[in-house]
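Treat the numbers as computed from the prediction; the structure is a model and nothing was measured. Just the heavy atoms: all of them, side chains too, but no hydrogens, waters or symmetry mates, feed the values below.
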Amino acid sequence: MEHEVLEQPSLSDDTAARVSRTAGSISKYLGRLVGQGRSVSAWRVLGLLADQGPLRIGDLAVGERIAQPTMTSMVQRLEGEGLIEKTSDPADHRAALAQLTKQGLDQVHAYRRRAANALNQAMEHLDDEQRNLLADAVGILERVADQLQENALNANHHASTKKSTTE
């Protein structure tokens, strides 16, 4: 007996665009409301370091989809503010790792508290069912984001491998 493979329904282009646009808007508006003048990219870098620990500047640049010199400048600015410190990468002493300082970690926690307060205020009009639905949707979006990150890292690795073999 043959098994029929069911095709998973896909998002319409409109729904996919709405998800992307809405996620970007939430991030942008939270940054404006509670970011205290720091860019959304800077908060993402600080948050990434809080969640993942020390990272190479090149990896931060790839993760943020910005040029390495731009990331180097951002890290230097954040280092000048006392939020990040650079250390030598034990796996490759030629490379530098960026890591949060205690002050940087405190700033990330404070930002996240302000962001949670702003989101809760914006969601005051939602009923319990809508809040539960949103909580479930966030879990789904996190899985989607993780898969997109993996796909991007694989694509970047594939592109750099292809480039090095053609040189």
Side-chain angles (χ1 to χ4, degrees), residues 11 13-92 94-123 134-135 137-163:
L11 294 178
D13 290 349
D14 180 59
T15 300
R18 288 174 56 210
V19 168
S20 178
R21 186 174 52 248
T22 301
S25 292
I26 289 171
S27 180
K28 177 176 69 175
Y29 294 132
L30 280 176
R32 285 184 187 164
L33 286 169
V34 303
Q36 297 182 321
R38 197 166 280 124
S39 73
V40 171
S41 290
W43 282 115
R44 279 197 305 255
V45 166
L46 292 169
L48 191 59
L49 293 172
D51 294 340
Q52 295 189 9
L55 293 169
R56 292 175 118 182
I57 293 171
D59 292 337
L60 288 169
V62 168
E64 282 300 301
R65 294 184 4 237
I66 61 176
Q68 186 158 341
T70 304
M71 181 57 69
T72 298
S73 294
M74 181 187 302
V75 167
Q76 287 172 342
R77 253 189 336 274
L78 295 169
E79 185 179 30
E81 294 177 37
L83 305 178
I84 288 179
E85 61 187 5
K86 289 188 287 190
T87 61
S88 178
D89 184 345
D92 180 358
R94 297 168 297 171
L97 292 175
Q99 65 183 25
L100 285 181
T101 62
K102 166 116 173 55
Q103 179 185 353
L105 186 59
D106 291 345
Q107 289 280 321
V108 169
H109 290 315
Y111 173 82
R112 288 176 174 173
R113 279 192 304 277
R114 291 189 308 271
N117 289 336
L119 281 169
N120 281 321
Q121 191 174 25
M123 295 186 302
L134 184 58
V138 168
I140 294 166
L141 288 171
E142 286 172 336
R143 289 197 309 270
V144 170
D146 289 346
Q147 185 61 56
L148 287 170
Q149 179 183 24
E150 183 178 324
N151 294 350
L153 290 173
N154 288 339
N156 186 59
H157 176 72
H158 177 71
S160 64
T161 302
K162 186 176 180 179
K163 181 180 174 187

K.L.:
Ignoring hydrogens, what is the shortest heavy-atom contact between Leu30 and Ala118? Give both atom names and the distance.
P.N.:
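In terms of heavy atoms, the two residues are closest at CD2-CB, 3.8 Å.
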K.L.:
Quick check for you: to the nearest 0.5 Å, what is the distance between Leu97 atom CG and Ile84 atom CD1?
P.N.:
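So the CG of Leu97 and the CD1 of Ile84 are separated by 11.5 Å.
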K.L.:
Holding to side chain to side chain contact (heavy atoms under 4.5 Å, CB included), I want the full list of residues that pass it with Thr70, two or more places apart in sequence or in another chain.
P.N.:
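Listed in chain order: Ile66, Ala67.
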K.L.:
For Asp14, enumerate each residue passing the side chain to side chain contact (heavy atoms under 4.5 Å, CB included) test, keeping only those at least two apart in sequence or located in another chain.
P.N.:
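Asp14 satisfies side chain to side chain contact (heavy atoms under 4.5 Å, CB included) with Ser12, Arg18 only.
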K.L.:
Name all pairs fulfilling the side chain to side chain donor-acceptor pair (under 3.5 Å) condition that reach into residues 51-61, sequence neighbours left out, sorted by first residue then second.
P.N.:
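Applying side chain to side chain donor-acceptor pair (under 3.5 Å) to every pair that reaches into residues 51-61, excluding sequence neighbours, yields Asp51-Arg112, Arg56-Asp89, Arg56-Asp92.
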K.L.:
Return the set of residues passing side-chain hydrogen bond (donor to acceptor under 3.5 Å, both in side chains) with Ser73 (not counting sequence neighbours), or none when no residue passes.
P.N.:
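Here no residue qualifies.
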K.L.:
Quick check: closest heavy atoms across Ala98 and Leu60, and the distance to 0.1 Å?
P.N.:
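Closest pair (atom of Ala98, atom of Leu60, distance): CB-CD1, 4.0 Å.
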K.L.:
Mind checking what makes side chain to side chain contact (heavy atoms under 4.5 Å, CB included) contact with Ala110, not counting sequence neighbours?
P.N.:
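Arg113, Arg114.
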K.L.:
Please identify each residue that fulfils side-chain hydrogen bond (donor to acceptor under 3.5 Å, both in side chains) with Gln121, with sequence neighbours left out.
P.N.:
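Expected list: none.
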K.L.:
When rounded to the nearest 0.5 angstrom, what is the spacing between CG in Leu33 and CG in Asn117?
P.N.:
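Rounded to the nearest 0.5 Å, the CG-CG separation comes to 11.5 Å.
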K.L.:
Using side chain to side chain contact (heavy atoms under 4.5 Å, CB included) as the criterion, list what pairs up with Ser27, not counting sequence neighbours.
P.N.:
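Only Val40, Arg44 meet the side chain to side chain contact (heavy atoms under 4.5 Å, CB included) criterion with Ser27.
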K.L.:
Please, which pairs that meet ring pair (Phe, Tyr, Trp, His ring centres under 6.0 Å) have at least one residue in residues 40-86, sequence neighbours excluded?
P.N.:
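Qualifying pairs, neighbours excluded: Trp43-Tyr111.
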K.L.:
Applying the side-chain contact (heavy atoms from CB on, under 4.5 Å) test to Gln107, which of Leu78, Leu46, Leu100, Leu83 qualifies?
P.N.:
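Among Leu78, Leu46, Leu100, Leu83, the one meeting side-chain contact (heavy atoms from CB on, under 4.5 Å) with Gln107 is Leu83.
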K.L.:
Of all residues at least two apart in sequence or in a different chain, which pass the salt bridge (charged side-chain N to carboxylate O under 4.0 Å, His left out) check with Lys86?
P.N.:
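Counting only residues at least two positions away or on another chain, Lys86 forms a salt bridge (charged side-chain N to carboxylate O under 4.0 Å, His left out) with Glu79.
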K.L.:
Output all residues satisfying side-chain hydrogen bond (donor to acceptor under 3.5 Å, both in side chains) with Gln99, sequence neighbours left out; order by chain, then residue number.
P.N.:
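By the side-chain hydrogen bond (donor to acceptor under 3.5 Å, both in side chains) rule, Gln99 matches Glu85.
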K.L.:
To check you understand the geometry: which heavy-atom pair defines the closest contact between Ala50 and Val108, and what is its length?
P.N.:
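In terms of heavy atoms, the two residues are closest at CB-CG1, 3.9 Å.
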K.L.:
Does any N or O in the side chain of Ser20 come within less than 3.5 Å of the main-chain N or O of Ala16, such that one atom is a donor and the other an acceptor?
P.N.:
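Side chain of Ser20 to backbone of Ala16, a donor-acceptor pair under 3.5 Å: no, none is there.
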K.L.:
Show me the pairs that pass ring pair (Phe, Tyr, Trp, His ring centres under 6.0 Å) and involve residues 55-92, at least two apart or across chains.
P.N.:
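Listed once each, the pairs would be none.
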K.L.:
The criterion is side-chain hydrogen bond (donor to acceptor under 3.5 Å, both in side chains); which residues satisfy it with Asp106, sequence neighbours excluded?
P.N.:
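Scan of Asp106 (side-chain hydrogen bond (donor to acceptor under 3.5 Å, both in side chains), adjacent residues dropped) gives Lys102.
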K.L.:
Got a second to check how far Asp146's CG is from Leu141's CG, nearest 0.5 Å?
P.N.:
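Those atoms lie 11.0 Å apart.
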K.L.:
Working to the nearest 0.5 angstrom, can you tell me the gap between Glu64 CD and Ser39 OG?
P.N.:
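It is 8.5 Å, given to the nearest 0.5 Å.
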K.L.:
For Ser41 and Met74, work out which heavy atoms get closest and say how close.
P.N.:
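Nearest heavy atoms, Ser41 then Met74: CB-CE, 3.6 Å.
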